[in-house]
Structures are given as structure tokens and as C-alpha cells.
*Asks:* 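Let me give you the structure first, and then I'll get to my questions.
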Amino acid sequence: MVVEATLCEITNEGRLLLQRKSVGRFGEGKWNGPGGKVQPGETPLECVVREVLEETGLKVGDLTHHGAIDFYFGEKQSPDWKVHIYSTSTFTGEPKPSDEGELAWFGYDEIPYAEMWQDDLYWLPPVLQGMKVQGFFVYDENGGELLRHRLTVE
């Protein structure tokens, strides 16, 4: 069964807010945008608003949907995850860390790609430029190595 999830790239004055996932969380130790699993009866848009508030304390608005990316962990017919990518520079509140992990702002030229999922290097720069993305990324079964991918950028 495919897990449907969201990610939100929150920007402010040429900086990107990232979260380093806590030990025991999916993606532990990696920097990533806040987001999470879509709950039953919830739309991806409702999910991303809820998840960002829970994980950062920020109330986001004026969200842009950049598309969805499928993620596979091992060779299989169906993806493990379908992640809807959003961005915004409209928010209220001050970022506050949660059990999900610590938060930090990074200038676009300081984004720690070496400490992120390998796929971020491909799709995050176009998203930060306001483009749409669609595609898939195939990792080995434990998520340690990106094996192949296809990405369409518009």
C-alpha cells in the first residue's frame, strides 16, 4: 500500500527552513522540509498545513503545489511513498522545534545536500525556482543509495 505524504519548503528572504529528523524517526539525522503522512479523509493540502503547524509551530498560507514524486525502497511494482511537494513564503509565528527534530534556516547557497536524501539535489533546486516536478526515485531497500530516477521539470 502506498503511503501518501507531504513536504513543505518554507522560504524567507533567500533562506530555506529545514528540519533535522530526530533519532527513531523516518529519515533520522537527515535535513528535510517539514511534512508527513496524509490522514484518512484529509487532502494533501490539509495535511501539509497540519504537519507544518505540528512540526514547526508555523501557520502557513498561500501554498504552491509543485507536483508529486514517487519513492521506491527496493525494486517493486508500486511506490512505497507518494509525496506531494509544496512551498510557501507566507507564514505566521516563530519556528519552534518539536519531537520530529531541530529546525534551522539555510541560505540557498548553504543547503546541506550532503546531509539530506540524495533525491533532494535533483528536485529541490527547481522547486525553489518555482517550477513543477514529477517523477520517481528508486533507492536500495534500506534507503541508503539512490539507484535510479526519472524527473520531469516544467
Side-chain angles (χ1 to χ4, degrees), residues 3-39 42-73 79-139 142-146 149 151-154:
V3 175
E4 196 169 7
T6 61
L7 259 179
C8 191
E9 305 306 335
I10 302 169
T11 61
N12 185 29
E13 298 177 358
R15 298 178 306 149
L16 175 66
L17 183 65
L18 294 175
Q19 178 180 66
R20 187 191 300 266
K21 289 294 185 172
S22 297
V23 173
R25 303 285 183 171
F26 181 72
E28 70 179 53
K30 290 181 176 15
W31 289 101
N32 205 0
K37 296 176 186 172
V38 177
Q39 300 297 318
E42 187 176 51
T43 67
L45 181 60
E46 292 167 336
C47 170
V48 76
V49 170
R50 176 184 54 77
E51 287 284 349
V52 169
L53 182 60
E54 290 174 2
E55 294 183 3
T56 71
L58 299 176
K59 293 181 182 178
V60 292
D62 196 25
L63 289 149
T64 299
H65 186 249
H66 293 275
I69 299 174
D70 292 336
F71 292 93
Y72 297 78
F73 293 93
D80 294 288
W81 293 78
K82 177 182 239 15
V83 180
H84 298 269
I85 311 294
Y86 291 88
S87 72
T88 189
S89 59
T90 303
F91 59 88
T92 58
E94 290 295 322
K96 296 179 184 129
S98 67
D99 291 344
E100 286 291 323
E102 66 177 293
L103 299 168
W105 290 101
F106 293 91
Y108 289 177
D109 59 344
E110 302 168 334
I111 295 173
Y113 287 108
E115 300 174 59
M116 298 170 75
W117 288 98
Q118 294 170 353
D119 57 89
D120 291 349
L121 187 58
Y122 297 95
W123 64 262
L124 183 54
V127 164
L128 292 176
Q129 294 172 14
M131 302 173 95
K132 304 278 188 203
V133 294
Q134 199 76 34
F136 68 84
F137 290 85
V138 179
Y139 281 88
N142 66 11
E145 183 182 352
L146 180 61
H149 74 279
L151 185 67
T152 302
V153 177
E154 299 175 359

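Bear in mind the structure is a predicted one, so any value in this text is a computation, not a measurement. All heavy atoms count here, side chains included; hydrogens, waters and symmetry mates do not.
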*Asks:* Looking at Asp62 and Thr88, what are the two nearest heavy atoms and their distance?
*Replies:*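 Closest pair (atom of Asp62, atom of Thr88, distance): O-OG1, 3.5 Å.
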*Asks:* Who passes side-chain contact (heavy atoms from CB on, under 4.5 Å) against Ser98, sequence neighbours left out?
*Replies:*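 With sequence neighbours excluded, Ser98 shows a side-chain contact (heavy atoms from CB on, under 4.5 Å) to Gln19, Glu55, Glu100, given in chain and number order.
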*Asks:* With a 3.5 Å cut-off and sequence neighbours excluded, list the donor-acceptor pairs that the side chains of residues 28-38 form with protein atoms.
*Replies:*
unit_1, atom_1, unit_2, atom_2, d
Glu28, OE1, Gly24, N, 2.7

*Asks:* Suppose the criterion is salt bridge (charged side-chain N to carboxylate O under 4.0 Å, His left out): which pairs have a residue in residues 109-137, not counting sequence neighbours?
*Replies:*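 For residues 109-137: Arg20-Glu115.
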*Asks:* In terms of the angle between their ring planes, are Phe137 and His149 parallel, tilted or perpendicular, with boundaries placed at 30° and 60°?
*Replies:*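 Taking His149 first and then Phe137, their aromatic rings lie parallel (interplane angle under 30°).
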*Asks:* How would you list, by chain and number, every residue that makes a salt bridge (Lys or Arg N to Asp or Glu O under 4.0 Å) with Asp70, sequence neighbours excluded?
*Replies:*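 Asp70 satisfies salt bridge (Lys or Arg N to Asp or Glu O under 4.0 Å) with Lys82 once adjacent residues are dropped.
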*Asks:* To the nearest 0.5 Å, tell me how far Trp123 CH2 sits from Glu9 CD.
*Replies:*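 One finds 4.0 Å between CH2 of Trp123 and CD of Glu9.
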*Asks:* Taking salt bridge (Lys or Arg N to Asp or Glu O under 4.0 Å) as the definition, give me every residue that meets it alongside Glu46, ordered by chain and number, with sequence neighbours left out.
*Replies:*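 Not a single residue meets the salt bridge (Lys or Arg N to Asp or Glu O under 4.0 Å) criterion with Glu46.
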*Asks:* The criterion is side-chain contact (heavy atoms from CB on, under 4.5 Å); which residues satisfy it with Glu145, sequence neighbours excluded?
*Replies:*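 Result, side-chain contact (heavy atoms from CB on, under 4.5 Å) vs Glu145: Asp140, Leu147.
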*Asks:* For Asp99, does the CG atom sit with more than 12 other heavy atoms under 6.0 Å from it, leaving out its own atoms?
*Replies:*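 12 or below, so no.
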*Asks:* Flag the pair Tyr72 / Trp81 as yes when their ring centroid distance falls below 6.0 Å, and as no otherwise.
*Replies:*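 When the ring centroids of Tyr72 and Trp81 are compared, they turn out to be at least 6.0 Å apart.
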*Asks:* Grab the two heavy atoms, one from Leu18 and one from Pro112, that are nearest each other, plus how far apart they are.
*Replies:*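 The answer is CD1-CD, 3.8 Å.
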